[in-house]
Amino acid sequence: MTIIARRKLLRFALILTALLGVLGWPFSWAGRSYCSLVCRAVNGLVLNSTDTQRLAQLVPDQRPGFEWEAIATIRNQPIGSAASQFNVDIHHLFYLPTVVFVALTLAGKITWGGKRVVAKLFVGILLFHLRGMLPFVSLERIATGIAHDGFVEKLLVLVNESLLAPLAMTFALPLLLWLGLFQATLVRPRKASVSKPGPG
Amino acid sequence: MKVRKRSRTKKSLVELSTRVSRSATPPLGLRYALMVAAIAVPLFAIYFYPYARTGAMAAGIHSYLSLYAKMVGAAISLFEPRVAVLGDTIAGQNFSIQIVKTCDAIEVNILLVAALAALPISLGRRLAAVLASVVLLVLVNVMRICVLYWLGVHAPTWFHRAHQTLAPLCMVVCGTVIFLIAISQIAPRFSQDEVGRRVRS
């Protein structure tokens with residue numbers, strides 16, 4: 001942990017607040033296109049949407065005022081053909097943690113040096129989008145009826161309940177990742193040689 | 001000979017104090033991060049494990065949430081006298097809220113406890129820091145729920161945004177600030193501990 005000057009810290013806080021305010025605001029025009037991109041990625045990478053049976057699927061909510069939400073549909077085949085639907089908050093699950101990390105990285109640039117910022121942004125954006133896809137892994141398992149009470153299922157539920165569902169984790173995880181990267185890439189000052197005590 | 005020995009001891013003490021004062025705050029590296037994870041992961045697992053709905057653990061969590069609701073209800077009754085607590089639900093005339101898992105900001109509490117408990121300081125100081133921080137964070141969280149209740153009654157259009165975004169952000173910021181305050185209070189003591197430990201060894 002390094003002691004940072006108060007002025008730098010204040011500047012960091014101001015830039016962070018401004019970035020969070022601008023980037024984190026749920027603009028409806030951005031929500032629609034972002035949601036459709038996320039849905040496409042989740043359907044392609046996690047949910048088996050190429051299957052004609054369409055066991056589980058994520059589609060953007062088309063209703064006005066719900067631009068940042070998507071509808072997940074599960075057809076639980078082993079039990080019957082009944083389908084269940086629920087809304088997924090894309091803003092909280094994918095967008096906000098990414099934005100918090102991006103804001104922290106850009107605001108922290110003043111103390112980091114700018115060379116590796118792009119790489120860190122890429123790592124953060126990728127990780128938080130993969131994190132957002134985690135609940136859909138268990139969704140797929142539930143939909144296909146695999147291991148309802150098994151260890152893997154319980155582990156997935158545990159991960160989902162502890163890392164994804166709590167609202168504070170939307171902000172805590174980016175902060176932790178940023179702090180980790182901050183500590184890992186901090187340019188430490190060279191150890192100054194200890195001057196020999198003079199006579200007397 | 002005696003004079004020479006004394007100057008050597010003096011020199012080593014000067015070296016130690018110089019080194020320690022350079023690292024005024026505890027060194028928080030990979031080892032520290034692993035310690036934090038080792039403390040936080042079991043705590044998260046205990047709280048968030050999908051327990052059976054009928055069982056001792058589920059009953060325990062329900063009574064804990066009811067107790068939390070009573071505490072929040074007592075705080076709300078300071079500005080809203082006509083409020084009743086029924087189990088884990090705080091019911092007012094126009095608005096009611098239910099205290100469920102994570103309403104107690106347990107995730108921030110666990111992370112803060114782990115971050116403080118993993119600090120390389122003496123056990124007594126660690127316990128004091130953890131206790132003081134948790135008490136402070138619980139107070140902040142009770143205030144957060146009171147504000148949310150007030151918004152629910154007086155500005156319901158703001159409730160959703162405050163509950164979903166502003167309140168969790170506020171809790172994380174508070175947790176971070178409490179950690180930074182704790183570490184700044186502990187840092188000089190850490191230096192003394194470290195000097196003492198090195199001199200003894």
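Every chain is numbered from 1 and lettered A, B, ... according to where its sequence line falls, protein lines coming before strand lines. This one's a predicted model, so the numbers in the text were calculated from it and none came from an experiment. Atom set for the values below is all heavy atoms of this structure, side chains included, hydrogens, waters and symmetry mates excluded.
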Side chain proximity check, B:Y47 to A:S162, heavy atoms < 4.5 angstrom: no
For [X], is it the side chain, the backbone, both, or neither that has a heavy atom closer than 4.5 Å to a heavy atom of chain B?
| X | value |
| --- | --- |
| A:L163 | neither |
| A:L179 | neither |
| A:L175 | side chain |

Sort by residue number and list every member of [range] having a non-hydrogen atom under 4.5 Å from chain A.
| range | result |
| --- | --- |
| residues 164-178 of chain B | B:Q164, B:T165, B:P168, B:L169, B:V172, B:T176 |
| residues 38-46 of chain B | B:F44, B:A45 |
| residues 94-113 of chain B | B:T102, B:E107, B:V108, B:L111 |

Stacked cation flag B:R161 on A:W25, 6.0 angstrom / 45 deg: yes
Quick check on side chain to side chain contact (heavy atoms under 4.5 Å, CB included): which of A:L155, A:N160, A:V157 does B:P50 satisfy it with? A:V157
Once ring-ring contact (aromatic ring centres under 6.0 Å, His included) is applied, do any residues pair with B:H154, and if so which ones, sequence neighbours excluded? B:W150
Counting heavy-atom pairs under 4.5 Å with chain B, which one of A:M169, A:H91, A:H92 comes out on top? A:H92
